[in-house]
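So the structure is just underneath, and the comments pick up after that.
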Amino acid sequence: GKSGLGKTTLSTVLTGLPHNARKLDISIESCDWDPSIPSGERCGVLFQQTTLLDELTIAGNLHVALRQHYHESSRDYHKEIKQLLDVVGLDYARDASKRPTEL
């Protein structure tokens, strides 16, 4: 669709992703979705560009991705996050608590 029609806003609302830390108060009156199905199984997100959530730390961003991938919200991903940071040359102790804009 053309620019400015609200594609990004609609996808933000449907996926529940934060949009530049703004709160969107939108109510959907009718919905064909089964609310018992977790949102991650109802829809997915394919970003047009590499995207990190500025509101979260680097470790927080990785935790979100791992939780979505494995569907285990209570799991401790500390080991996996450290390994992923090592792969890209970041130090867990120094960089995990930074925000994306601080790298």
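Computed from a predicted structure; not experimentally measured. Below, all heavy atoms of this structure are taken into account, side chains as well, without hydrogens, waters or symmetry copies.
- Across Ala96 and Leu85, no two heavy atoms sit closer than the pair CB-CD1, 3.9 Å.
- Under the side-chain hydrogen bond (donor to acceptor under 3.5 Å, both in side chains) criterion, Arg75 pairs with Glu80, sequence neighbours left out.
- Note that CG of Asp76 is 7.0 Å distant from NE2 of His63, once rounded to the nearest 0.5 Å.
- For Glu102 (side chain) and Arg99 (main-chain N/O), a donor-acceptor pair under 3.5 Å exists by modelled atom type.
- When side chains are defined from C-beta on, Thr101 does not count as touching Leu52, because their heavy atoms never get closer than 4.5 Å.
- Atom CG of Leu56 is separated from atom CG of Asn61 by 5.0 Å, given to the nearest 0.5 angstrom.
- By the side-chain contact (heavy atoms from CB on, under 4.5 Å) test, Asp91 pairs with Ala93, Arg94, Asp95, sequence neighbours left out.
- Partners of Leu84 according to the side-chain contact (heavy atoms from CB on, under 4.5 Å) rule, which considers only residues two or more places apart in sequence or in another chain, are Leu62, Leu66.
- Tyr92 and His78 get closest at one heavy-atom pair: OH-ND1, 3.0 Å.
- Residue Asp54 comes nearest to Pro100 through the heavy atom pair OD1-CB, 3.9 Å, listed as atom of the first residue, atom of the second, then distance.
- When the side-chain hydrogen bond (donor to acceptor under 3.5 Å, both in side chains) test is applied to Tyr70, no partner is found at least two apart in sequence or on another chain.
- Separation of atoms CD1 (Ile81) and CG (Asp86) is listed at 12.0 Å; rounding is to 0.5 Å.
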